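Here is the structure we will look at.
Keep in mind it's a predicted model, so treat the numbers as computed, not measured. Just so it is clear: chains get the letters A, B, ... in the order the sequence lines come, proteins before strands, and each one is counted from 1.
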2 protein chains.
Amino acid sequence: MKISTKGRYSVTALYELALHYGTGPLPLKNIAQGQGLSENYLEQLMLPLRRAGLVKSIRGAQGGYMLAREPKEITIGEIITTVEGPIAVVDCLLAEAGAKDQPCERACACVTRGIWEKVCDSISEVLGGITLQTLMDNDKGSEHVGCAR
Amino acid sequence: MKISTKGRYSVTALYELALHYGTGPLPLKNIAQGQGLSENYLEQLMLPLRRAGLVKSIRGAQGGYMLAREPKEITIGEIITTVEGPIAVVDCLLAEAGAKDQPCERACACVTRGIWEKVCDSISEVLGGITLQTLMDNDKGSEHVGCAR
DNA sequence: TGGAATCCCGAGCAGTTTTGTCAGATTTAT
DNA sequence: ATAAATCTGACAAAACTGCTCGGGATTCCA
Ligand code: FES
Ligand code: FES
């Protein structure tokens, strides 16, 4: 039950873009250095994000990335599903949609199916309810008062 | 974001035990064959479950496993955390408890931390709210009416 | 008392996924 | 022209998953 680094890095990268929203393209190097991430790795994550229409890119010198929409229109759920695939805690839940092969043999008789559905719904609800704007607001609101370490 | 077969198999196995609750020990072979699981693999899952006090075992011929508590006293969350480890969608959330090493450098400044906490809480709430008894009740309640396939 | 059934335990292993690295091609501002 | 940047695909180490196997220990039953 882990969210991979793909998801986490993507969120922080797009949060960084959100902070610069409206101020032209931001090169990947800046994001990577600022957050201490591998530029090469981050590069790979931007590919699906661009194809999904979450970010836009400008090539060449003085180029970079920028959000394709307003921060309040991009949810954390979108970001994570884009780079990690659909939120399905068990493969069975995927089958109903695509269903070229059906890994869920006893779908209607399976007593546990309801559990996984509830978990997925719950996660989707949480992640779909948080936007990049939310993160910015929360960060501004926090006082950064005395932290133990 | 997957729940591994460890978690799923354990839940179905313990559900099977719940169905036989009060009727003596059930050998692993029966569970495995009934659910179409590998007996050898299931054996490995029972080890942590026994150590965690969820099941009791009786060795020797005519032995087997039984629930250590009533079905209504065993939550799905307990089962899954026992075999898969704590529900922490990111490692950072683990650190605060044990914390021999601290993977979460900027815990108090990290804007994304709140997201992962919400997700974990949400999952824990769902899984902690479902017991083996719940599953049995739901299954009895369902009419098993016309299912497409 | 002698199997036979059954749990107990650790080692090992093939396949997949994760987490990157790298080299080079392409585009564009200056 | 040159430098800055994105684009793309190939590759690889490490971790994880999903098992399998072999042998040991315990207990029931005939
Ligand atoms: S067999 Fe697919 S959810 Fe149980
Ligand atoms: S650095 Fe640990 S939660 Fe962000």
How far apart are the C-alpha atoms of B:Thr5 and B:Tyr41, what are their side-chain angles, what is the distance that settles it, and do they pass the side-chain hydrogen bond (donor to acceptor under 3.5 Å, both in side chains) test?
-> CA-CA 10 Å; B:Thr5 57; B:Tyr41 190 38; 3.3 Å; yes
Ranking C:dC7, D:dC19, C:dT21 by distance to the side chain of B:Pro27, first place goes to C:dC7
Whole-Å distance, A:Leu45 CG to C:dT19 P, equals 10 Å
Picking from C:dT19, C:dA4, D:dA4, the nucleotide nearest the side-chain atoms of A:Ala61 would be D:dA4
The nucleotide from D:dT6, C:dT19, C:dC7 with an atom nearest the side chain of A:Leu28 is D:dT6
Protein-nucleotides 23-26 of chain C N/O pairs under 3.5 Å:
| from | atom 1 | to | atom 2 | distance (Å) |
| --- | --- | --- | --- | --- |
| C:dT26 | O2 | A:Arg59 | NH2 | 2.9 |

Which of B:Asn40, B:Leu45, B:Leu42, B:Leu37 passes side-chain contact (heavy atoms from CB on, under 4.5 Å) with B:Leu28? It is B:Leu42
Would you tabulate the nitrogen or oxygen pairs shorter than 3.5 Å linking the protein to nucleotides 10-12 of chain D?
| from | atom 1 | to | atom 2 | distance (Å) |
| --- | --- | --- | --- | --- |
| D:dA10 | N6 | A:Gln44 | NE2 | 3.0 |

d(A:Lys72 NZ, A:Thr131 OG1) to nearest 0.5 Å is 9.5 Å
Of B:Asn30 and A:Gly60, the one whose closest nucleotide on DNA chain C sits nearer the 5' end is B:Asn30
Atom CG of A:Leu42 and atom P of D:dA5 are separated, to the nearest Å, by 15 Å
Rounded to whole Å, the CZ-P distance (B:Arg50 to C:dT6) equals 17 Å
task: Under 4.0 Å between any heavy atoms, over every strand shown, what does A:Arg8 touch: base, sugar-phosphate, or nothing? Just pick one.
output: nothing
Considering only heavy side-chain atoms of B:Tyr9, the closest of D:dT6, D:dC19, C:dC7 is D:dC19
Should the heavy atoms of other residues, nucleotides or ligands under 6.0 Å from NZ of B:Lys2 be counted, would the total exceed 12?
yes
In whole angstroms, the gap separating P of C:dT16 from CG of A:Asp91 amounts to 14 Å
The answer to which of A:Ile58 and B:Lys29 contacts DNA chain C further toward the 5' end, by nearest nucleotide, is B:Lys29
So salt bridge (charged side-chain N to carboxylate O under 4.0 Å, His left out) across residues 76-88 of chain A, not counting sequence neighbours, yields A:Arg69-A:Glu78
Per atom distances to the B:Thr5 side chain, the nearest of D:dA5, C:dC8, D:dG18 is D:dG18
Check your understanding: For C:dT19, does either OP1 or OP2 sit under 4.0 Å from a side-chain N or O belonging to A:Ser4?
Key -> yes
Separation of C:dC7 atom C1' from B:Leu17 atom CG, nearest Å, is 14 Å
A:Met46 atom CE is separated from D:dT8 atom P, nearest whole Å, by 13 Å
Picking from C:dC8, D:dA5, D:dC7, the nucleotide nearest the side-chain atoms of B:Ser57 would be C:dC8
A:Tyr65 atom OH is separated from C:dT28 atom P, nearest whole Å, by 14 Å
For A:Leu17 and A:Tyr65 the tightest heavy-atom approach is CD2-O, 3.5 Å
Regarding the side chain of A:Glu39, the nearest nucleotide among D:dT6, C:dT19, C:dC8 is D:dT6
Do B:Glu16 and B:Gln35 have side-chain atoms, one donor and one acceptor, less than 3.5 Å apart? yes
Separation between OH (B:Tyr21) and CG (B:Leu67), nearest 0.5 Å, reads 7.0 Å
Among the nucleotides C:dT21, D:dT8, C:dC8, whichever has the atom closest to the side chain of A:Leu47 is D:dT8
Review point. Between B:Tyr41 and C:dC13, does any side-chain N or O lie under 4.0 Å from OP1 or OP2?
Key: no
B:Leu26 atom CG is separated from C:dC7 atom P, nearest whole Å, by 9 Å
Residue pair A:Leu127 / A:Thr81, side-chain heavy-atom distance below 4.5 Å | no
When rounded to the nearest 0.5 Å, the distance separating OG of A:Ser124 from CD1 of A:Ile80 is 10.5 Å
dist A:Leu49:CG -> A:Ile74:CD1 (nearest 0.5 Å) comes out at 9.0 Å
